[in-house]
Amino acid sequence: MTNYKFPEDFCWGTATSSYQIEGAATEGGRKPSVWDTFSATPGRVLNNDTGAIACDHYHLYKEDIELMAELGIKHYRFSIAWSRIIPDGRGAVNEEGVDFYKRIIDCLNEYGITPHATLFHWDSPQALEDLYGSWQNRQMARDYADYVTAVVSRLGDRITNWMTINEIPCFTHIGYKVNSDPPHAPGKRVNSLKEIWQTSHHALLAHGLGCQAIRAASPVSCSVSLVDNFAVTVPIQESAEHIEAAQKAFHTSGQNGGIILPVLTGKYSPTLLEELGENAPDIKDGDLETIHQALDALGFNIYTGTYIRAADNKWGYEILDFPKGYPRMEMPWLNLLPDAIYWGIRHISETLNRPDLPIIITENGCPAQDELNEKGEVIDSDRILYLRQHLRMAKRAISEGYPLKGYFLWSFLDNFEWAWGYQQRFGIVYVDYKTQKRIPKTSFNWYRECIRTNQII
Ligand code: GBH
């Protein structure tokens, strides 16, 4: 029989982020983030939805954590909102905001659920956008590091798993790119590709300074990681020439050459820099050393991938378009490609030659057209299909000896899906936004059984 068992110490979890679930946008001393401003601007978010109330997790966190305990997760990844901790972005710390996260962490610890905190999941203080254009300005990295020091010096006695930043390409490249669709906050058009790459360079610096700040402020030894959604190249056939093609393509696919490469190898991809020419970001002396910090793990957010084949051209590979009828989940970009979870892990270990680096799947999941049936259930067998196939490929990576240590399903609850508002549901728990009632979906029961038996069922 095929063995679908996971290692005894495998970490099963779920993930969420602050702006997507908390609500209480004006409570507890919080001030606006760029996402509050962006979603309040008509036409920016589908149906003009905003995160002002979201899942009201700010008030309902106890019930939510109780439900997590019922699910049986031993790990939970959430994010901390900068604008709760330092509402003006820099300067005075709002202790009431800190207290909210103390309550969350204490409650998780009571249930034996290990907290993992992402220090930045896109909701940067609006004040810094107004003051100096947030990620357009190098000062943002220093202000981020001060915010990190404020958090870790206050919460470091209760939590030891820190993730600096979630998905740099999203809030930089999709936040500032001309005509990006759908856009991300602040949704500002900058004039050149160089300015876009400059925003992600500043975010890389923030990550590096953030790592240093965490280690300096933590009262105990802790784990520090980055969460990235690097682009995954999948060989169309698993034969030597196509695997080699996928490896070559990995270095410059998506934003890989200017994000995951500098973080893990200390260098931007030379091919990317050459292609960018005068659009390459300004890199000051010492920046790459700051960015290339030792990490305890890499967080890998994985939803889809790209097929590659070997080609007789100057690159040695070709990126294959998806055919029109290719199977997709409920998002235009979400092509079903479970092999990408395996290849992503393998590319870090093998292609970037970092077999030493433990990998954690920090997000994996999909939206579905979830509906309550007459029995009041949500039978999301499409989500189970998606998750099961991905876990099988994750297990393949483990069986082949790659260092995959954990899996956080995105997401615990249906939530505010950025520019898609509430239309897209990613949860394994259904949220009735009118009543804030939580209804576990069929996938919740399936995942609970996987966790309980430590295998894919
Ligand atoms: C993650 O990003 C986020 O971390 C999380 O907050 C979010 O809720 C979750 O995924 C689900 O979306 O339209 O072709 O330009 C996902 C990564 C990167 C996927 C940008 C969509 C745009 C593709 N996203 N990508 S396209």
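We number each residue from 1, following the sequence as shown. Just so you know, ligand 1 is whichever comes first in the structure, and atom 1 is the first atom listed for that ligand.
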Q) Asp99: what forms a side-chain contact (heavy atoms from CB on, under 4.5 Å) with it, not counting sequence neighbours? A) Lys102, Arg103
Q. Got a sec, which residues hit side-chain contact (heavy atoms from CB on, under 4.5 Å) with Ser218, two or more places apart in sequence or on another chain?
A. Val152, Val220, Cys222
Contact table ligand 1 N or O to protein N or O, d under 3.5 Å:
{"residue": "ligand 1", "atom": "2 (O)", "partner": "Glu167", "partner atom": "OE1", "Å": "2.8"}
{"residue": "ligand 1", "atom": "2 (O)", "partner": "Glu167", "partner atom": "OE2", "Å": "3.2"}
{"residue": "ligand 1", "atom": "4 (O)", "partner": "His121", "partner atom": "NE2", "Å": "3.3"}
{"residue": "ligand 1", "atom": "4 (O)", "partner": "Asn166", "partner atom": "ND2", "Å": "3.0"}
{"residue": "ligand 1", "atom": "4 (O)", "partner": "Glu363", "partner atom": "OE1", "Å": "3.0"}
{"residue": "ligand 1", "atom": "4 (O)", "partner": "Glu363", "partner atom": "OE2", "Å": "2.9"}
{"residue": "ligand 1", "atom": "6 (O)", "partner": "Gln20", "partner atom": "OE1", "Å": "2.8"}
{"residue": "ligand 1", "atom": "6 (O)", "partner": "His121", "partner atom": "NE2", "Å": "2.9"}
{"residue": "ligand 1", "atom": "6 (O)", "partner": "Trp418", "partner atom": "NE1", "Å": "2.9"}
{"residue": "ligand 1", "atom": "8 (O)", "partner": "Gln20", "partner atom": "NE2", "Å": "2.9"}
{"residue": "ligand 1", "atom": "8 (O)", "partner": "Trp410", "partner atom": "NE1", "Å": "3.2"}
{"residue": "ligand 1", "atom": "8 (O)", "partner": "Glu417", "partner atom": "OE1", "Å": "2.6"}
{"residue": "ligand 1", "atom": "10 (O)", "partner": "Tyr303", "partner atom": "OH", "Å": "3.2"}
{"residue": "ligand 1", "atom": "10 (O)", "partner": "Glu363", "partner atom": "OE1", "Å": "3.3"}
{"residue": "ligand 1", "atom": "12 (O)", "partner": "Glu417", "partner atom": "OE2", "Å": "2.6"}

Q: Mind checking salt bridge (Lys or Arg N to Asp or Glu O under 4.0 Å) for Glu63 and listing every partner two or more places apart, or none if nothing turns up?
A: none
Q: Could you tell me whether Tyr58 and Phe100 have their ring centroids closer than 6.0 angstrom?
A: yes
Q. Counting only heavy atoms not in Glu27, do more than 12 fall under 6.0 Å of its CD?
A. yes
Q: Could you tell me whether Arg396 sits above the aromatic face of Tyr342, with NZ or CZ closer than 6.0 angstrom to the six-membered ring centre and within 45 degrees of the axis?
A: yes
